[in-house]
Amino acid sequence: MRVLAGLAVSAVVAGVLVPATAASAATRLRANITCDAETGEIATWASGTLFAPGPAKQVTVEFQRRAGVRVTATARTVLAPMAQPFRVTTTSTSSGDISAVGYTGAFDPVTDLFYREQLTVTFKDAATGANLATRDATCDHDQRTRVTLTCDPVAGTVTAVVNGVNGAAGDSSGAGRASRVSYHIATIKQQTPNNPGYRSEILGEGWDIEHRVVKAADGSWTDTGYVHTITSNPYYYAEEITVGVFDLNGIRVGTATGACTLFDGSQTS
């Protein structure tokens, strides 16, 4: 599969000091968090280009859990934001890059049917405390939700189907119980071999489609999110989706991702 030139989408952050002329040489500044499905370990770190090349500068990097949720077979628990950020002071390299390791944590990959933790990393001038940049990241662990994204090149269709289970989590208020399923859709399209490809999607975590969940007697549910029919004949067309499952209180209690390629002219040319 060929690499397509995509539409870069990034947050506008006050204080980023990398000039546009250096963008091609810069490494993207990122916050990172992982929820290891085997060990249950949570790890956080940050890295990338913060400054233009030049003298080393000291930076305070603040890692803070800003939200989260845990769903077990008996309850849904909203995780409180971290009271105080975990702070690390680091020094940039001559190329303007920085790296820092943040806090660690743990969840139970067996009893936690769904676990989600949202991280915010703030980069500050160590001398003045001024904010330089902010980045966000999220990790998810889900044992209940599955998405199937099927591309049929003969029919020219893309079909998204999500399966889940209501389980026994929560009480009559709906805590931990699936109630609504939402779809965030990204399309990657290249009209001809000589033209660039483009990625198109709603910015942030906006949802393109939302459905109420209709559950069977055993608590399981299936939702056909959409069927897209592509009437044109692009050289390349693919879709990626992120699914969010929400309970009656609007708390996210499930997630899944999927991707498939409908047309790829490089495979037939």
Side-chain angles (χ1 to χ4, degrees), residues 3-68 79-107 115-141 184 186 188 196-206 240 242 255 257:
V3 176
L4 302 179
L7 293 178
V9 178
S10 58
V12 178
V13 181
V16 175
L17 305 181
V18 180
T21 55
S24 60
T27 302
R28 183 182 176 189
L29 185 66
R30 296 179 62 97
N32 302 279
I33 181 171
T34 58
C35 298
D36 193 304
E38 297 296 327
T39 66
E41 294 179 354
I42 298 169
T44 62
W45 72 100
S47 62
T49 303
L50 180 61
F51 301 108
K57 301 179 180 66
Q58 281 202 315
V59 178
T60 299
V61 186
E62 296 184 346
F63 297 80
Q64 190 161 24
R65 183 180 71 200
R66 60 185 176 90
L79 305 180
M82 188 181 293
Q84 298 293 332
F86 180 91
R87 292 185 177 90
V88 177
T89 299
T90 186
T91 303
S92 66
T93 67
S94 60
S95 60
D97 292 346
I98 66 165
S99 62
V101 176
Y103 67 83
T104 58
F107 68 102
Y115 184 88
R116 177 177 176 86
E117 186 164 328
Q118 295 167 265
L119 167 72
T120 293
V121 177
T122 305
F123 304 86
K124 295 183 176 182
D125 185 302
T128 66
N131 285 356
L132 302 175
T134 301
R135 295 292 185 271
D136 297 312
T138 303
C139 72
D140 297 281
H141 169 73
H184 178 100
I188 304 94
Y198 295 96
R199 180 184 179 93
S200 176
E201 65 183 316
I202 295 176
L203 295 177
E205 291 192 346
E240 299 174 1
T242 300
T255 195
T257 59

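All residue numbers refer to positions in the sequence shown, counting from 1.
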Quiz item: Can you find a heavy atom in the side chain of F86 that is under 4.5 Å from one in the side chain of V61?
Solution: no

Practice problem: Check whether the side chains of T49 and D97 place a donor and an acceptor atom closer than 3.5 Å, and report yes or no. | Solution: yes

Practice problem: First locate atom NE2 of H141, then atom CZ of F107, and finally report the distance between them rounded to the nearest 0.5 Å. | Solution: 5.0 Å

Exercise. Show your working on side-chain contact (heavy atoms from CB on, under 4.5 Å) between V121 and E62 and close with a plain yes or no.
Key: CA-CA 5 Å; V121 177; E62 296 184 346; over 6 Å; no

Self-check item: Partners passing side chain to side chain contact (heavy atoms under 4.5 Å, CB included) against L79 (at least two apart in sequence or in another chain)
Solution: R65, R70, Y115

Quiz item: Would you call Q64 and Q84 a side-chain contact if the rule is heavy atoms closer than 4.5 Å?
Solution: no

Quiz item: Rounded to the nearest 0.5 Å, how far does CD1 of I33 lie from CD1 of I42?
Solution: 6.0 Å

Quiz item: Is the backbone N or O of S99 less than 3.5 Å from a side-chain atom of T90, with the two atoms forming a donor-acceptor pair by type?
Solution: yes

Exercise. Begin from the C-alpha positions of T122 and N131 and carry the test side-chain contact (heavy atoms from CB on, under 4.5 Å) through to its verdict.
Key: CA-CA 7 Å; T122 305; N131 285 356; 3.9 Å; yes

Self-check item: Side-chain donor or acceptor of T39 paired with backbone N/O of E41 under 3.5 Å
Solution: yes

Practice problem: Quick one: closest heavy-atom pair of D140 and C35, and the distance? | Solution: N-SG, 4.4 Å

Quiz item: CG of L50 to CD1 of I98: how many Å apart, nearest 0.5 Å?
Solution: 5.0 Å

Exercise. Examine distances only and state if a side-chain atom of R116 and a backbone atom of T138 form a donor-acceptor pair shorter than 3.5 Å.
Key: no

Quiz item: Which atom pair, heavy atoms only, marks the closest approach of A31 to L119?
Solution: CB-CD2, 4.3 Å

Quiz item: Does the side chain of V59 come within less than 4.5 Å of T91's, by heavy atoms?
Solution: no

Quiz item: Do you know the tightest heavy-atom contact between E201 and H184?
Solution: OE1-NE2, 2.8 Å

Quiz item: Closest approach of A133 and R135, non-hydrogen atoms and distance?
Solution: CB-NH1, 4.0 Å

Quiz item: Taking the side chain as C-beta and beyond, is there a heavy-atom pair between E240 and I188 under 4.5 Å?
Solution: yes

Quiz prompt | Partners meeting side chain to side chain contact (heavy atoms under 4.5 Å, CB included) with T128 (sequence neighbours left out) | solution = D125, A130

Practice problem: Establish, from distance only, whether the side-chain atoms of T120 and R66 form a donor-acceptor pair under 3.5 Å. | Solution: yes

Quiz item: Taking atom CZ of F123 and atom OG1 of T134, what is their separation to the nearest 0.5 Å?
Solution: 8.0 Å

Quiz item: Would you call R30 and W45 a side-chain contact if the rule is heavy atoms closer than 4.5 Å?
Solution: no

Quiz item: Of all heavy-atom pairs between S92 and A56, which one has the smallest distance, and what is that distance?
Solution: O-CB, 3.3 Å

